[in-house]
Every structure is written in structure tokens, then in C-alpha cells.
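A short write-up of the structure that comes next.
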Amino acid sequence: MIDLQGVSRTYGAHAAVRDVSLRIPKGSVVALIGPSGSGKTTLLRLLDLLERPTAGRYLFDGVDTGGSEQQRLAIRRRIAMVFQKPVPLATTVGGNVAAGLRYRKVPKEEIRARMAAALAMVGLSGLADRDAATLSGGEMQRVALARALVTEPEVLLMDEPTANLDPENTTLIEEVVRRVNRTQGITIVLSTHDMGQGQRLADTLALIMQGRVHQSGRAQDLFSYPGTPEAARFMGFENLLEGSVVEKQDDLTVIDIGPRRITAVSDAGVGEGVTACIRAEDLTLLSARSTQGSARNTLAGTITRIALHGSFARVTVDTGFPVTALITRRSAEEMEFRVGQPICVTFKATAVHVIRRADHSPPAAG
Amino acid sequence: MIDLQGVSRTYGAHAAVRDVSLRIPKGSVVALIGPSGSGKTTLLRLLDLLERPTAGRYLFDGVDTGGSEQQRLAIRRRIAMVFQKPVPLATTVGGNVAAGLRYRKVPKEEIRARMAAALAMVGLSGLADRDAATLSGGEMQRVALARALVTEPEVLLMDEPTANLDPENTTLIEEVVRRVNRTQGITIVLSTHDMGQGQRLADTLALIMQGRVHQSGRAQDLFSYPGTPEAARFMGFENLLEGSVVEKQDDLTVIDIGPRRITAVSDAGVGEGVTACIRAEDLTLLSARSTQGSARNTLAGTITRIALHGSFARVTVDTGFPVTALITRRSAEEMEFRVGQPICVTFKATAVHVIRRADHSPPAAG
Amino acid sequence: MNEILEGLVQAVHLIVTLNPEVIEISVRTLEISLLSTAIATIVSVPVGGLIHFREFRGKRVIVTLIQTLYSLPTVIAGLFVFLLISRAGPFGFLRLLFTPAGMVLAQSLLILPIMAGLTLTALSGVDRSKRDTIISLGATETQTVLSLIHEARFAILGAVVLGFGRAISEVGAAMMIGGNIRGFTRVLTTAIALETSMGNISLSLALGIILLAIALAVNLIVMLVQQERVPHD
Amino acid sequence: MNEILEGLVQAVHLIVTLNPEVIEISVRTLEISLLSTAIATIVSVPVGGLIHFREFRGKRVIVTLIQTLYSLPTVIAGLFVFLLISRAGPFGFLRLLFTPAGMVLAQSLLILPIMAGLTLTALSGVDRSKRDTIISLGATETQTVLSLIHEARFAILGAVVLGFGRAISEVGAAMMIGGNIRGFTRVLTTAIALETSMGNISLSLALGIILLAIALAVNLIVMLVQQERVPHD
Amino acid sequence: TGTPSEGTIPLTSPRPMAEGPRGTLLMATTTSLYDTGLLDFLRPDFEKEFNADVRITSQGTGKAMELAKRGDVDILLVHDPAREIAFMDEGYGINHRCFAYNYFIIVGPASDPAVIAGMKPEDAFRKILTEGIKGTAGIAFVSRGDGSGTHAKEQAIWKAAGFNYTVDVQKTGAWYIEAGKGMGETLVMASEKGAYTLTDEGTYLAFKGNLQLTPLIEQGEILRNVYSAITINPDRFPNQNATLANQFITYLLRDTTQQKIASFGKDRYGKGLFSALQGADCVRFGCDCTALAGG
Ligand SMILES: Nc1ncnc2c1ncn2[C@@H]1O[C@H](COP(=O)(O)OP(=O)(O)OP(=O)(O)O)[C@@H](O)[C@H]1O
Ligand SMILES: Nc1ncnc2c1ncn2[C@@H]1O[C@H](COP(=O)(O)OP(=O)(O)OP(=O)(O)O)[C@@H](O)[C@H]1O
Ligand SMILES: [Mg+2]
Ligand SMILES: [Mg+2]
């Protein structure tokens, strides 16, 4: 469906998107994730043919999009976009939703019906006659989705579609998106800051950093096996430990991290510099020095910080180097953790994701 | 600091804020949470003196704000606001950050220094000379925070300050907010859709629904003891079970939920209609019918749905009525759950939050 | 200063007594300036829209030239049209000189640059994000321009009102092309010029007041129409 | 149509031979219209800003009246000022009649409504969220208006350019108040009117072309200034 | 004197057309003549009798002649003998006839600072110039300066007084003000500045109420002001409505019309603004006085 070949977009001296190659098959859902200012919006604008690449080619359904404005319009009409900051056109909510259909010269009655259906879909049926300028942030975001979907696009682009929505509406929108993808086979590319949303919605995640596709792949792969320490940090690995391989037994690898050693599963060779990445939620805390359990790694230390976050607690333990564990609040309360308390941190060798230093640069192109 | 007394704001026939009374002491952090369109932005605009209430009084530091524009300006200069959709003024990033100081006739050199410091604080030092219109969504949001904080306000209002930010920048901003609150004693009122953010940042949460303060209190109280089923759903209780009390023993209460009974801790009387609310993460799944553990409630059922969300799995079990449990992905994989599999759901009596039907209406005013 | 009061009294008198010559001149004035404004609007708003929308070499030059034509003296515009339609000119055969049709032509040409220029300014005021939204929704170039015009409709209506004001108040082209022929091409401004040159100051003022009254009526109608259709398109 | 070519040739000739009378008239024209524009800008932009910003009863009426004054014929504006400053008038003692200062006064008054009205339109085009941002940042009323003007500066610059165009191109008030006195109050438009009444069509056109050339120069300077200061304030 | 042209079109028509398609006569005239209201006074009778619309555009003399030369009008009414002759010599017109006359007057402030009241016009001009160039306070002269018939007459007086206009008069000091505008405005300016000026009587009378000027010199051959009508030569411009133009001229010269001309303005100003110019006077003023058949 979408085939970007070495696409770049520069603004003056600044390259917002650099040499991106990306194939997005029909019917798939791709989430762009990445830090603020990394180029997600620019990439989506390129995909929507709002900008022309300063270098590279963009094939849509096999057709080069570099043609005349006429040709680009024909392609653009098969695409719809929900902007990061959706703006209302100066008319009613209904008029906003109907705009794309009016441009396509759809008959009046059909417009009315489809507009009403689209508004209902995003839970805003009552608002058709309201002046769109008076909508709240979240209402406008939903109107923008209705406005895009009502044109029955083949590709739906969404720039942070739920950034201004509460959890309930986020669920609603995600369900709408999933439904149109499943039932109508609409290809979806969205950007999101909500990692969970990326995983919930997308088959493929593309991690964008500094204008490049830093890494892309199945959500689960990206989530579990980030290719670089930056990616790992961005993917939520809270514990990144720099070290080097000192022993190997099959793929069981012993890594020297400053004062301690940990065992991981990896294909890095002895002497190689690596980064060991462990998620906070994969660390278990044991109150005694009881070496029970099958976990390969057990590190003794003292609690240096406990932070409560909703129903979870984030416990930082100094084991020679600091590691942070995420446990349920309830168990933190039951085990009566206190700062200064000695404790054991355990984790399985398989819970350690090892990034070999040689893999860091250059970042893998998508 | 802030004292709202029965404040309302209507637009034509629509009441965006209704009869809100709210006291916010100096130095505290209050988070407004609530569904899209519930009136959070309107409330913040009232607090920033951008709108006048259509009814009620607003005292700022003991002074009625209903005076002349001159008087309101004096008060408004002690307040700063970060808008939900921050817009750049048509100048450079630096000019945007400096605007509030220029209005206050701060000397040029001081402006320059404070502007640079504010930009550094939000991690955008390099961008002072950039045309603000070219910023990405997240960059602009951070500039808006710098623009507000640089005026050293006594009260900082923030409307979804991190909606467009990735997790790393969200953490950065949250730390800035926490710091200015701790070190400078700035009173903070923010709206957020991110429950976690509300809990991380705020002493007090105010749940806004349909223009009213539905419930307010310590984050933990609101989180654990929502006053109404709507509040409970909004606070993330996924399992809301309607029933009535059939037995009592001290405060151990047996509730009849359709085909099953559960035991909870509550002061509801026999015969009373109640809603039993249980968080998904407080449900434990046991593969066998082993009645091990101290949990009071054990319900047998079959798995009807397993949804993987990042490192968690959401498992829905039909026990006569559907309940949803949130467990780690790892344990779901280890226990090899499958749809259709018989299973036991257990939870403690203390994990059930009981809302008495009599409490529902009228919603508690803040 | 008595003349102003006198002028007011005389204006009221002319209006309430339905002075036939004044009515005839006023109706002609209104017809000619409305028609000129309509023609200029139909031409200049889309042209302004296209210039705004399209990127091409020399765009800035064209915009500057249009703005320069804001300074076109009405007499020069009149002279130019005169040379075109005078009997010796290329369009002399149309016999437009000293006719209301010729005046409409001259006034349309005169206000065209102003209206096109103000349309450009109005459209530049529309947020870029609105334009992106419209394009993304699949609008053709024409639809985009029309939608942008709709977004900027207040400013563009302002341009139309200004064009009308310029048309109804100008005298140079009206005199040059119309010739101020009594009963045929005399309009309020040329009548005012005549009365002034005849020393009838209070009558001049009376006619000026009537002209402004007509403009006020047109503006009120525009205002009402505009208020009625605010949220819908 | 030969006259147009002739006019062009004559214009070039007048310019390259530095015809002293043409140069004198042109310099005076430029001075008077620039000064009028400056005065009108200083008055009308803040006034427009305040009207836009403040909410008060009768605001719509005032806006409509301002727009109605778009239709003020230059002769009527001239007559009005004439009655004020003629020897018998209340300001006769100032001896402004038939002086360049009087012309500046008349032209300023003439373009005031246009510039105030267009300022209003320009400011209405600024997004409400910008206004909220400015107010929230602690701007006083004056600062808010100034900042809004800065946000709408392109449209307001357009208004200024239009005001200048109207001032430099109008003849009615210049004739009435200045008197077209050779060597003292003669400006390009009154000279054009004179040459036209004398039937010197190509000389009129030549003067018209010189007037437009001056306007072009002013516009180019405005354009350059504007381009230079885009991102900064 | 003007040479009567041998037009191919009969100078008179046997009978005025009472019916048939309504004709249109386009007339260019000088402002000072039109502004008196004389033409609108004479027009209706002609229109009725000849079933035609007379469309009058009043312009500066030069502009009116330019319109005539371009064939944009059918008939020209002016009062600038020298240029009329040139116009005829160049073959633009036929049937050049005088139809009325009056006298220019020299007006000035009642205080008459140059003390010219009652002088011969040429002497008065000389006196004003001498005093003006000397810089005597309060001496000023406002000239139309617009190439109009009145301006032409003023120049003729300067010439008769022995001056070279461009050298001895123009730009010799602040006393000589070249207004470059119409008669009425020139009078207003002279009044505002307390200056002398040369004016036709009609305009002066029309503006009198608003002026602080009095007539100081009303006598003198040189002040005579003769109005003529010229039909535009139809040979040059084929579609010219020369028949109707000639009919209008004939109409002007009729006794009845001449009487109306002589009486015009009496009701308003107490005296006529124009004198009839047919019969004996005609030859005296060097006009073509051949009788018109059927006039
Ligand atoms: N001018 C107006 N006219 C009519 N209704 C309005 C107006 N302004 C706001 N509203 C309505 O008032 C309600 C509250 O709006 P508000 O912006 O305060 O909501 P919010 O809680 O901030 O929502 P969100 O989370 O989506 O930003 C919304 O339903 C909105 O549509
Ligand atoms: N016109 C421009 N001129 C200069 N730099 C620009 C321009 N437009 C965008 N940029 C820069 O390009 C980078 C990429 O911008 P983009 O909007 O694509 O980021 P993003 O990934 O969407 O960020 P966010 O998550 O904050 O929305 C940003 O650093 C931005 O400042
Ligand atoms: Mg973005
Ligand atoms: Mg909001």
C-alpha cells in the first residue's frame, strides 16, 4: 500500500525526516512512536501528500506520488488524516464531518446519513448542529476522527489520536479504529506517545528517533528486543546496565556489571561490550536472603526509594548499581518495605535483554 | 489561595460548569480529572480569570475577583496557564517565552536570562531563535510551560500539560512541576486524562463530571473509594457488579450478584442495593479449583477472552457474570491460559469496594 | 459650519419630498456601484484566491503590483478606460462612452486591485492548519480556495464593502466616462462635484449625506445577512 | 491608444530629464500622503484595536458606521474640512486652507475610517486562542491590543498600504483644501485633473504613471521591510 | 474670424421631426457655461420639438475640445475665440456660430488694496503686477491657470497690457497664484486670500453669497466674452449626429431662443447673465452672421 524509499524532508538546515524507507502492507496497522520532535508528524504529513519529500520516492499502491497536483489529489482522496491538533472549520460540527464528502460531491441525503453515522460512532450524536469552534479539546479530537473516517479512506493516518482523551473515550476510539481496520481493511498509520496504545492497536511499531526509523518490527519484538540502549529506554526498560561478557556457556552469558555479575541469555561473545536491559516489572523482590525460586540472578541490596504510582509501587534498590523494580502496591504494603531495608532482587536470565555494542550504530533502517 | 463558591459558567443553554465550590490551599497540587467535555478546561479558564462566572464567587487569596478589569489583571499576573492546545505567538521561541516578562516590563537583560533558564528547564535550550510556528506538537507544549513558568506565578494552571508528550518528556515535565511546587511553593491546578499523572503529581484529585465536582479528595481515597459507579468506572474499576446485601456479620457483608454471592467489607445494611467494584488487578486467577489462599471469594468460571497489552494480559472470565482480571503477561504465558479453559477467580473481601445506592445522588460537592 | 446643518436639513427635505431628480440619481448611483462591485467581486475574489493558493515565480511581484494599484487615481483609471472606449479607441464601436455601462466597466476596473489585494490579505490570515485540513479532506484546488474564502469570509466581506465604498464614492472615472449627463449618467458624486463648482455647498453636503445614507443602508443589509449565516455555510 | 504609449514615453522623459516642476510636485505628493498615512495610522490602528478589544453597547453600530464611511466621497470630506478651516469656519484662524498642512489634515481624516475598519477586520482574523494566550500571560489592555496588532501585522500593513494608496490617489480633498496652487499645493492628482481638464491626455497619463511609480517604490520598501522582520518582533 | 465650413449636410432641416426614433445629441460644453444653468434651461424646448435627448457633458475647455476632436460628441459650446479658430482651421468643425455674449469682470476685496476700481482692465492688471512684484502687503491675483476660456482671456489682457505672460507674469512672486481649477473654486480661493481675480459674471453671481469679493471693474472692450457653438465635422467621424447638432445651433439662433438667453437669470439675479448675439451685434464681434434658412 505504502512504500517509502529513502524519503527525506528538510526544513532549511533542519532535517525533520531523514532517509526513511518503510513498507506498509494493505490492511496493516503501524504505530509510529518516538520522542517529541523526532519527526512523526512530518512523516504523517508526507504520507498524506501534504508535503513533498525533499529526497526519495513515495509509492502509494505501486504508483509514484511525485506527479502533478491532480494526480496527488486522486491519491490523497484515498487517504484521511486526523491531525495532532485538529482545527474546526468555521461551520457546524455536522458541516465539519460532511466536508470531505462535499468535496467528493456525494449526494446531499447520503452526506446527511453518513455524517450522522460517523458522529454516532465517536459518541457525539447530539452535537451535529453545534458551532464547531465551541467544542472541548477531546470533543474536537473525536470530531476530527469522524471527519476523516466518513470519507471511507483506504488509509487512515492519525497523529496522536487520543492525546486529549480520557481513558473511556480512548477505549472507544481504539475500538472504532480496530473495527474499521478489521471490517473494512483500512490500513492505519498512527503516531502515539502511549506505548500501550501502540501495542494494543498496531501490528508493527516503528520507533522514530531524530527523523530516522530507528527500529521497526512487531510490537512484541520491539517491546522485548529493542536494538539500541536508546530504544530500550524509550521502550520502557528502566534498568540499563553497561557491562562486558566475561563467561559463556551455550547462550548463557555472564556479564560483568561493575561490582556484580549477572547471567543472561544472549549470543554475545566473551569480551564483548554489552548493555543488559531489564524491565522494572520483571524484577522480583524477596524480603529475606532466601535463595528460593528458579531465577538465575539474585542480587542483594538496600532499598533507596519507594514511589507509589496508583496501584503500583516503584522500588529502587542499590545493589552496587541501582535497579528499579515495579511491584503491586498491595504486595509492597504487605511486605512492609521501607527505605534502608536490606532486600534481594531476583530475575531470570531470560528477563535480561542483551544489546551488543556493535549493534548500536548505524541504527537499523526499517 | 483559590476559593470557588458555587461558581457556574453557562454558554447559551449549555452549562459547562455548574455550581462548583472548591478550595485550593496555597502550595497544594490539585488535579482535575474527568471525561471529555466535562468542563475541566472551562473551570481552568475561570480560574485564570479569562472568563467571568455566570453565577457564584471566586475569591483569590481572599480577594473577590469580580472587580474591574484592572483588578483582575493584577490577580491574573499572579497566575499562569498552560493551555490544552498551546498556540505560538508570531515570533521566535524566545520571544514567546519572554512575552509575559515583557508585559511586566522586566528589564531586557533579566528577560534574556530568565528566558534562557526557562527554555533549559523544559529541555529546549537550542531553540530560542527558531520561529515558534515551526515547533512540533510536543515542543510547543513544552514552550508553553516555559512561557508560563518564567513569570514566576503563585498559581500555575495546566490543561493536559503532557497530552502530546512521550513518556520521557512527560517525566521531565512532571519533575519540573514537582520541583516548582516543592521549592517555590507554587500552587498547581492541572487537568489530566492520565490517571497515573494525577496520582503522581496531585495531593488532591477532583473528579469533574458534567460540569460538577463529582467527588474530590486525596488521590488515594478517590482511587480506592469512588463515591458512585460512574466515578468507579472512571477511576479504573473494571468490574462493577450490581447486587443487594443479603447477609451481614460485623462489617463483612454478603452481596447477592445474580447467580453468585460475594463477600465484601462494607457498612451497607441487609436488603440495601449496592454496587460492588473490583479492580482487574486485584483479581487472581488459579488454574485448578484449589481453594488455597486467604482470599474470601473464589468464583469458578471459564475464560472467554484474553487480550495482551504490553507486559500485561487482560483475562475475561465468565463466572455467571463476566469479570476481568489483569495479570502479568509472563504469568499468563506460564500458566498457559486459553479461551474456554475452566478457571478460578479469587479476591479478598477487602478488595471489594462497595458503593451504597443511596450514596449516588446527588453527587458530593467538592 | 451652518452649511452642515443646512445640508442635513436639505438632505432630509430632498428625501422626504421624494425629489424626483435626487431619487433618479440615487437609484442610478446604487445600480452602477452595486453592479461594479458585483463584477469586481466575481473576478477578484477567485483571482485573489488563486494567487494566494498557487506557488509560482513572480508571485511576490504580482502581489506588490496589485498593492501598487491601490494608488491608482480614479482619473487615471477613467482616462485609461476612456482611451479604450472613446470613438477613436479600439472599443469605440461599442459606444460605451457617456453611458452607465461604461461607468460600470470603469468602476469595476478601478476597484478590482483593491478587492483582489484585500482578498489576498484576508486569505493569508487563515491559519495554515485550516488549509492543511481542507486539503487533507480531499478538496480540489478550486474547493480549497472556496473553503478558504469561506473561512475568511468576514475579512472578504470587508473587502467587498470597501470595494463598494470606493465605487460609490469615486468621482474621477464617473466624470470621465459618464460625463455627468443630467438624466442619463449623472450620479451622486458627479452631482456633488457639479453643485460644489456651482457654489451650492449645502446642496452638495445634502447629496453627500444622501450618499452616505445609501451606503449605510447597504452596510446594514450586509451586516444582517452576515449575522444570520454565522455558523452555517 | 497611442496616448498610453505617448504617456509612457513622456513619463520616462519627465523623469530622466529631472523636470523640476514634476520633481517638486512628486516630492510634495509623497510628503503629504506619507504624512497623512502616518497620522491616520497612529490614530486609527489603536482606535481600531480598542474597538475590537472592548465589549460595549453599540459596538456593532460603530463598526457599521465606520464601514459606511468607506463610502465617504473625497469631495465631501474636503468640503467638511473646508467648512472647518475656511476663514469663516471655527478653525479659520489657523490659516490652514490652501496649505499642505490642511491637505494632510483632510487626507488623514479621509483615510481614517478605512484604516480603522480594516484594522478591525484584521484583528477579528486573529484566533481567539492567541488573544487568550496574550491575556493569560498578563498583558494589560494596551499590551493586548498591541500584541494582537503584532499578530495581525500583515493584514494591518495591508491596511496601511491601502490607506497610503487612497491618500496619494485622491483628488477631491486635495483640490478643495489645497487648491492646486502651482508651486505650493499642487500635487500629482490635482495636476492630473488640471491637465485632463485641459485635454492634455498623454501628459495626464505620464503624471499618472509617475504617481504609480512612486507608489510602487513605497510598496517595494514596505515589502522589503516586512520580509526582513518576519520571525522577530 | 471663423470660416463657415461647406458642410454636406443641410444646415437646417425642413421640418422638425415630431415622431420617429428619438435622436440623441451629445454636447460638450465648458463648465462655466453649463454651471450657470443656461443650457438646462434651453434644453427641454429643443428636446420636445426635435424629439431628441440632449446629453450635455460639461468639461474644462481643453477637455471639451479634446472630446470634440476625438468625435466623442456631436456639438461643442465654448468661449475661447483663438482656439476655436484653430479648431476650425484644423477641420474638426463646421457651422461655427456665436450665440451669446457677456462681460468678464475683475473682482477683489472691498478694501481694494491696489486701488484699481473703475480702471481700464489693462491698466488695472499692470497696477496689480507692479504692486505685487514690489511685494506690497495684501496684493494678490488668483489665476484660473487651467487653460480655460477665462484663463485665455486673462492672458489676452496681460498681452494687451504689454506683458509677455510666461516671462513677466508667471512665477514672478507669491502675488500671482495659479490655481489650476474651476471658476467657482478660484473665486473661493480669491475670497479666502483677499485677492483679485478675473471671472465671468454668471459664476460670480452664483457664488456671491459665500464670497467676500466685490466687482471692481465691469467695463472694457477687452472683457467681452463671446460664446460659440460648433458642429463637429461629420466628414471626420461618420456616425456623427451633425443634423441634430446643426438643428440645435439653428435653434440657438432663433429669435425666440435669443430672447430666452437674454432673459436668463433675471429672476434669480435681477439681471440677465447673457446678452443675445444676433442681428446688429453679430458682425461687431467678428462672428459669422449669415442667416440660417428656416432657423
Ligand atoms: N462556547 C460554547 N458554547 C457551547 N458549548 C460550549 C462552549 N464552550 C464549551 N462548551 C461545552 O462545554 C463543555 C465543557 O467544555 P470544556 O472544554 O470545559 O471540557 P473539557 O472537560 O475540557 O473537555 P476535554 O477533556 O475534551 O478537553 C463541552 O461539552 C463543550 O462542548
Ligand atoms: N518548518 C520547520 N522549520 C524548521 N524546523 C521544523 C519545521 N517543521 C518542523 N520542524 C522540526 O522538525 C522536527 C520534527 O517535527 P515533527 O512535528 O515531525 O515532530 P513530532 O515527532 O511530530 O513531535 P511531537 O511528538 O512533539 O509532535 C521538530 O524538531 C520540529 O521542530
Ligand atoms: Mg507531532
Ligand atoms: Mg479541555
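All of these numbers come straight from a predicted model, not from anything done at the bench. In the text below, chain A, chain B and the rest are named by the order of the sequence lines, each starting its count at 1.
With a threshold of 4.5 angstrom between heavy atoms, C:Thr185 does not approach chain E through any atom at all. At a 4.5 Å heavy-atom cutoff, the contact between E:Asp72 and chain C is made by backbone and side-chain atoms alike. Only the side chain of E:Leu26 has a heavy atom closer than 4.5 Å to any heavy atom of chain C. With a 4.5 angstrom heavy-atom cutoff, E:Lys63 touches chain C only via side-chain atoms.
Taking 4.5 Å as the limit, some side-chain heavy atom of C:Phe82 sits within range of a side-chain heavy atom of E:Leu67. Contact annotation: the side chain of E:Asp35 approaches that of C:Leu194 to within less than 4.5 Å [non-hydrogen atoms, C-beta and beyond].
In terms of heavy-atom proximity, C:Arg186 sits nearest to E:Tyr34 at NH2-OH, 2.6 Å. Closest non-hydrogen pair, C:Thr196 versus E:Phe207, comes out as O-CZ, 3.5 Å.
To the nearest 0.5 Å, atoms CG (C:Asn180) and CD (E:Gln59) are separated by 8.5 Å. Rounded to the nearest 0.5 Å, atoms OG1 (E:Thr57) and CE (C:Met175) are 7.0 Å apart. In this structure, E:Leu187 CG and C:Ser197 OG are separated by 11.5 Å, a value rounded to the nearest 0.5 Å. Going from atom CZ of C:Arg182 over to atom CG of E:Asp40 covers 4.0 Å, rounded to the nearest 0.5 Å. Note: E:Glu66 CD to C:Ser86 OG = 8.5 Å, rounded to the nearest 0.5 Å.
Put simply, the side chain of C:Arg87 gets close to the backbone of E:Gly71: a donor and an acceptor are under 3.5 Å apart.
Heavy-atom contacts from other residues, nucleotides or ligands closer than 6.0 Å to CD of E:Gln212 number 12 or fewer. Residue-environment remark: CZ (C:Phe91) stays at or below the threshold of 12 foreign heavy atoms within 6.0 Å. The number of heavy-atom neighbours closer than 6.0 Å to NZ of E:Lys208, taken from other residues, nucleotides and ligands shown, is 12 or below.
Interface check for chain E: of the options C:Gly92, C:Gly183, C:Gly178, C:Gly179, the most heavy-atom pairs under 4.5 Å are formed by C:Gly179.
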